[in-house]
Amino acid sequence: MQTPDLVDDIAEVLIPEADIQAKVRELGAQLSRDYEGRPLTLVSVLKGSLPFMADLMRAISIPVTIDLMEVSSYGGAVTETSGLVRILKDLSASIEGRDVLIVEDIIDTGLTLNYLLRYLRGKNPRSLRICALLDKPARRLVDIDIDYRGFSIPDRFVIGYGLDYGEHYRNLPFIGVLKPEVYSAP
Ligand code: IMP
Ligand code: MG
């Protein structure tokens with residue numbers, strides 16, 4: 001992959017920065033009400049969820065602890081997930097008895113999250129819920145209840161606000177779609 005031209009490679013902005021920020025504030029306010037007085041731990045999944053996690057935690061007004069995991073799916077093309085998940089970085093503290101909220105960038109097939117849910121349930125949290133910024137329902141392969149959802153988006157490969165194509169474009173502040181020639185470039 002060539003060094004990407006961050007602005008020139010964008011075909012369309014799907015969700016502008018202001019809309020993301022407004023939604024994050026809304027989710028933060030709702031979570032602050034719903035988890036009032038409860039021991040909330042936010043668990044986010046690197047690397048894609050990093051900007052969302054950083055913004056969401058600052059939109060929450062009740063005490064929280066945070067933890068980070070990193071997973072990767074085995075094999076598959078750059079724009080596909082295989083469902084086989086490998087844990088690259090595990091939780092650093094126990095979540096037993098805590099109210100846990102998984103903070104995810106995007107739920108596509110649902111395979112990654114399905115694996116994570118089973119893994120985290122095994123650690124006996126008091127509750128386990130999901131907050132996803134983006135939901136791509138058209139591609140779902142496993143049924144998943146998303147408790148807090150930012151935006152539902154059409155079946156397109158998106159980049160920005162943490163999401164990558166070949167590890168690039170994560171630093172864009174909006175969610176967008178790349179020009180077709182960028183995906184087809186060798
Ligand atoms: P799932 O297991 O198919 O739900 O895929 C989840 C992961 O695949 C996300 O956390 C992303 O890392 C990646 N992913 C899925 N769809 C997109 C996309 O449109 N753009 C960038 N990454 C994506
Ligand atoms: Mg992710």
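Note that ligands are numbered from 1 as they come in the structure, with each ligand's atoms numbered from 1 the same way.
Distances from atom 10 (O) of ligand 1 to the heavy atoms of L163, I107, V85, D105 put D105 nearest. Relative to atom 18 (C) of ligand 1, the option among Y169, Y165, F157 with the closest non-hydrogen atom is F157. The residue among I106, V142, L46, L14 with a heavy atom at the shortest distance from atom 14 (N) of ligand 1 is I106.
For T112, heavy-atom contacts with ligand 1 shorter than 4.0 Å involve the backbone as well as the side chain. Using a 4.0 Å cut-off between heavy atoms, R139 makes no contact with ligand 1 at all.
For R126 (side chain) and G97 (main-chain N/O), no donor-acceptor pair under 3.5 Å exists by modelled atom type. The main-chain N or O of T109 is never found under 3.5 Å from a side-chain atom of R140 such that the two would form a donor-acceptor pair. Checked by atom type and distance alone, the side chain of Y183 pairs as donor or acceptor with a backbone atom of F157 at under 3.5 Å.
Remark: distances from the non-hydrogen atoms of G48 to ligand 1 are all 4.0 Å or more. Ligand 1 lies out of reach of N114, whose nearest heavy atom is not under 4.0 Å from it. A heavy-atom separation below 4.0 Å is found between L111 and ligand 1. Contact between R140 and ligand 1 is absent, with no heavy atom of the residue lying under 4.0 Å from the ligand. The closest approach between a heavy atom of I159 and any atom of ligand 1 is not below 4.0 Å.
If you check the side chains of D9 and Y165, you find no donor sitting under 3.5 Å from an acceptor.
In summary, E36 and R33 do not engage in a salt bridge, as defined by a charged side-chain N under 4.0 Å from a carboxylate O. Checked for salt-bridge contact, R129 and D99 miss the test: no charged N lies under 4.0 Å from a carboxylate O.
Counting the atoms of ligand 1 from 1 in the order shown, those under 4.0 Å from a heavy atom of R156 are 19 (O). Taking a cut-off of under 4.0 Å to the non-hydrogen atoms of K136, the atoms of ligand 1 that pass are 16 (N), 17 (C), 18 (C), 19 (O).
Looking at residues two or more places apart in sequence or on another chain, you find no side chain to side chain donor-acceptor pair (under 3.5 Å) involving R121. With sequence neighbours left out, E17 forms a salt bridge (Lys or Arg N to Asp or Glu O under 4.0 Å) with no residue at all.
The distance criterion of under 3.5 Å between nitrogen or oxygen atoms is not met by D164 with respect to ligand 1.
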For this session: Start with the C-alpha distance between D105 and K47, add both sets of side-chain angles, then the distance that settles salt bridge (charged side-chain N to carboxylate O under 4.0 Å, His left out), and finish with yes or no.
Result: CA-CA 9 Å; D105 49 2; K47 297 173 243 183; over 6 Å; no
